[in-house]
Amino acid sequence: MCKRKLRGVAANEQQILENGHLRLLTSRDDIARCDQAIVEHHYLHTCALVGEHLRYAFIYKGRWLAVATWSAAAFHLKDRDAFIGWSHEQCRRRRSLIANNSRLVVLPDSHSPNLISRFMKLMLARLSEDWEQRWAHPLALVETFVDPRFYQGTAYKVSGWSHLGRTAGWKRDAEDFYEKHDAPKQIWVRELVKKACVQLRAPKLPAPWAKVEEALPPRCTAQVTQIQSLMEAVRTEIAEFRRAQALAYPVAGMICLMVMASAHGVSRGPQDLAQYADTLSPGQLRALRFRRDAQSGEMRCPKKTSFSRVLHHIDDDVIERVLLRWQDQVLGPAQDRIVIIDGKKIRHAGVEIVNAVNSTGRFLGSVITQSKSNEIPAGRQLLHEMDLLGKITVPDALHTQVETAQQILHQQGGDYLLTVKGNQLTVQKTLESLFTKQAFSPTTHATDPSAQPGAQPLAAGDSCAGVPGSHTQSGGLSGSTIGSPIGDTGQAQRSMEPRSDLSAEQFDTGRTAGAGNARAQAGLLGG
């Protein structure tokens with residue numbers, strides 16, 4: 001058996017490797033030229049690219065020697081997904097971090113040793129950076145397929161790619177249709193970043209990669225049993241208001257779908273709701289009681305106009321009541337004593353909503369801010385509809401208002417923690433003076449000569465009465481009506497009546513400055 005002598009690299013070929021350069025093809029003429037070369041010289045004779053893509057050419061002295069295209073990764077690839085080790089949902093959300101070398105062609109009369117490996121090295125060195133400039137995110141890994149009937153993947157092997165196995169012999173013929181072609185191909189992959197697979201399967205992506213998940217349209221991940229539970233709660237409260245011909249999408253199913261969409265961050269109206277509905281599986285659509293198309297037999301999905309009609313007719317208060325009741329049914333009664341109030345403007349909707357949640361993020365209610373108004377009265381309306389007894393309300397600084405504090409404390413029996421910012425100068429100065437310029441209640445004012453330091457002032461005509469609300473209960477809090485003796489009802493009532501000699505700022509800041517319970521502060525300041 002004779003040994004084959006390896007041919008060395010000729011001088012002109014070495015010049016090509018050293019002086020040839022890579023060009024990212026962006027102009028219309030270059031793209032057309034690249035596609036034409038692929039159609040003519042690639043064995044598949046097609047140049048169609050899927051999703052995000054880039055084109056490159058290797059050029060020496062103005063002459064094109066090779067071209068390559070990169071496009072979106074395959075949807076499902078068993079060996080690749082096992083190599084990365086990520087879950088099905090991680091694959092769906094992070095697949096954009098992979099690019100597929102869909103075409104690689106050396107043009108006729110341009111073959112020379114190491115040309116392809118040189119071309120590949122130059123592309124991989126800048127591919128992620130070019131991809132980020134064009135598609136706003138980098139790449140972590142690349143893949144490709146090699147038909148063993150024509151090639152053995154040598155160019156990929158010498159460029160550091162790993163051979164994982166073979167495909168199952170199916171090709172994607174339409175959006176959701178695959179066709180058997182009985183020509184399995186080799187699967188090759190290469191990490192562009194050290195330990196890329198470890199990062200791709202991690203619970204949280206690195207910051208530069210996380211943007212691909214943030215930009216991904218929301219998808220329904222609810223289980224059928226969860227959908228059925230919500231459907232049952234909605235159907236018992238909300239009656240159908242449309243004609244029988246429109247019942248391909250029952251109102252209960254439409255509302256459940258909108259609730260799930262909202263939970264996944266869909267907030268831009270009917271168009272986004274329709275796009276979210278397209279992500280539902282046939283099983284999820286059946287759980288919503290949507291009907292099949294009479295001609296195709298496929299499950300039907302509501303479109304933009306269907307959502308617009310339902311949104312126009314449903315009662316917001318009824319929906320909220322149903323959802324809060326269903327939330328209690330699923331999660332159990334809320335045990336958290338914190339009520340957080342905050343307003344948010346809904347992008348692209350032109351409305352502002354004041355929401356209430358507890359410290360665990362559990363939804364407690366919401367109110368839409370009225371036209372030509374602001375979130376302060378909307379916040380008071382929202383609080384009025386809630387049970388605040390024994391709870392602590394924590395609004396943002398905008399709600400640091402006397403009327404809001406009076407409502408929480410006197411009308412609804414709650415406590416509060418109000419924030420004072422630097423732009424609220426009057427309140428801030430009053431707070432500072434309480435701690436630095438005068439004695440703090442319950443001690444008497446320094447200018448009052450009739451009282452001993454630290455003594456309780458007596459009410460006129462009542463030798464037994466101290467500061468209103470000063471009866472200490474078992475809990476150690478002054479002025480609280482909770483747990484007070486029956487005989488002290490009148491005294492407790494007097495402790496809740498505001499003094500007329502206090503300014504609005506003193507009323508408000510007295511409660512914010514105190515270190516104890518808001519009701520104790522109210523009693524000490526006569527509030």
Side-chain angles (χ1 to χ4, degrees), residues 51 75 92-93 174-177 214-224 226-327 344-353 355 363 365-371:
F75 271 21
R92 185 190 74 85
R93 297 184 61 83
E175 183 176 353
D176 293 311
F177 182 74
E214 297 169 0
L216 197 68
R219 174 176 174 267
C220 182
T221 58
Q223 300 294 324
V224 169
Q226 295 173 324
I227 298 175
Q228 291 172 338
S229 171
L230 179 56
M231 278 285 291
E232 188 64 28
V234 173
R235 290 177 61 212
T236 57
E237 294 282 345
I238 302 176
E240 184 62 63
F241 60 84
R242 296 168 300 166
R243 299 175 302 163
Q245 292 89 335
L247 294 186
Y249 311 117
V251 67
M254 295 287 288
I255 291 173
C256 289
L257 180 53
M258 288 187 282
V259 170
M260 294 187 296
S262 178
H264 285 97
V266 177
S267 59
R268 297 181 60 179
Q271 182 61 47
D272 278 5
L273 287 170
Q275 294 176 359
Y276 178 84
D278 286 336
T279 70
L280 269 67
S281 67
Q284 291 170 326
L285 293 173
R286 284 193 295 270
L288 294 171
R289 303 205 172 190
F290 292 164
R291 296 180 181 177
R292 296 180 181 273
D293 184 270
Q295 297 180 349
S296 66
E298 297 180 354
M299 296 299 301
R300 300 176 61 182
C301 234
K303 303 303 178 185
K304 177 180 177 180
T305 53
S306 298
F307 285 107
S308 297
R309 285 193 293 267
V310 172
L311 286 169
H312 181 71
H313 285 88
I314 58 176
D315 188 327
D316 298 343
D317 294 334
V318 174
I319 297 297
E320 181 175 290
R321 184 173 66 249
V322 171
L323 295 182
L324 288 174
R325 186 178 303 169
W326 176 70
Q327 180 178 245
K344 296 293 182 184
K345 288 186 177 180
I346 306 301
R347 292 185 301 170
H348 313 288
V351 298
E352 184 177 28
I353 298 180
N355 299 302
F363 177 69
S366 62
V367 169
I368 296 179
T369 301
Q370 297 299 316
S371 177

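Model, not experiment: these values are computed from the prediction. Just the heavy atoms: all of them, side chains too, but no hydrogens, waters or symmetry mates, feed the values below.
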Participant: Which pairs with one or both residues in residues 214-224 pass salt bridge (charged side-chain N to carboxylate O under 4.0 Å, His left out), sequence neighbours excluded?
Facilitator: Glu89-Arg219
Participant: Could you go step by step and tell me if Val310 and Val251 meet the side chain to side chain contact (heavy atoms under 4.5 Å, CB included) rule?
Facilitator: CA-CA 7 Å; Val310 172; Val251 67; 4.3 Å; yes
Participant: Working to the nearest 0.5 Å, report the span between CG of Leu216 and CZ of Arg92.
Facilitator: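 Taking CG in Leu216 and CZ in Arg92, the distance rounds to 5.0 Å.
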Participant: Mind checking side chain to side chain contact (heavy atoms under 4.5 Å, CB included) for Val259 and listing every partner two or more places apart, or none if nothing turns up?
Facilitator: Leu230, Ile255, Leu323
Participant: Enumerate the ring-ring contact (aromatic ring centres under 6.0 Å, His included) contacts for residues 277-299, please, sequence neighbours excluded, ordered by first and then second residue.
Facilitator: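 Of all non-adjacent pairs touching residues 277-299, those that pass ring-ring contact (aromatic ring centres under 6.0 Å, His included) are Tyr249-Phe290.
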Participant: Can Met258 and Leu273 be said to form a side chain to side chain contact (heavy atoms under 4.5 Å, CB included), step by step?
Facilitator: CA-CA 7 Å; Met258 288 187 282; Leu273 287 170; 3.9 Å; yes
Participant: Mind checking what makes side chain to side chain donor-acceptor pair (under 3.5 Å) contact with Thr221, not counting sequence neighbours?
Facilitator: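 Partners of Thr221 by the side chain to side chain donor-acceptor pair (under 3.5 Å) criterion, ordered by chain and then number, come out as His264.
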Participant: Would you please name every residue forming a side chain to side chain donor-acceptor pair (under 3.5 Å) with Thr279, sequence neighbours left out?
Facilitator: none
Participant: Name every donor-acceptor pair, under 3.5 Å, that has one atom in a side chain of residues 295-303 and the other anywhere in the protein, sequence neighbours excluded.
Facilitator:
| from | atom 1 | to | atom 2 | distance (Å) |
| --- | --- | --- | --- | --- |
| Ser296 | OG | Asp293 | OD1 | 3.3 |
| Ser296 | OG | Glu298 | N | 3.3 |

Participant: Are Met260 and Tyr276 close enough that some pair of their side-chain heavy atoms sits under 4.5 Å apart?
Facilitator: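 A side-chain contact exists here, since the closest heavy-atom pair is under 4.5 Å.
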Participant: What heavy-atom pair brings Ala277 and Leu257 nearest, and what distance separates the two atoms?
Facilitator: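 Result for this residue pair: CB-CD2, 3.7 Å.
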Participant: If the condition is salt bridge (charged side-chain N to carboxylate O under 4.0 Å, His left out), which residues does Arg289 pass it with, not counting sequence neighbours?
Facilitator: none
Participant: Once side chain to side chain donor-acceptor pair (under 3.5 Å) is applied, do any residues pair with Thr369, and if so which ones, sequence neighbours excluded?
Facilitator: none
Participant: Do Asn355 and Val367 come close enough that some side-chain heavy atom pair is under 4.5 Å?
Facilitator: no
Participant: Sequence neighbours excluded, which residues qualify as side chain to side chain contact (heavy atoms under 4.5 Å, CB included) partners of Ser308?
Facilitator: Pro270, Lys304
Participant: To the closest 0.5 Å, what do you measure between SG (Cys220) and CG (Leu285)?
Facilitator: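 Nearest 0.5 Å value for the SG-CG distance: 9.0 Å.
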Participant: Residues two or more places apart in sequence or in another chain: which of them pass salt bridge (charged side-chain N to carboxylate O under 4.0 Å, His left out) with Arg292?
Facilitator: none
Participant: Kindly write out the residues that satisfy side chain to side chain contact (heavy atoms under 4.5 Å, CB included) with Gln370, not counting sequence neighbours, or none if the list is empty.
Facilitator: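 Expected list: Ser373.
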Participant: Who are the side chain to side chain contact (heavy atoms under 4.5 Å, CB included) partners of Ala287, not counting sequence neighbours?
Facilitator: Val224, Ile227, Gln228
Participant: Output the distance between atom CD1 (Ile353) and atom CD1 (Ile368), rounded to the nearest 0.5 Å.
Facilitator: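 Separation between the atoms: 5.0 Å.
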Participant: Are any side-chain N or O atoms of Gln284 and backbone N or O atoms of Ser281, one a donor and one an acceptor, separated by less than 3.5 Å?
Facilitator: yes
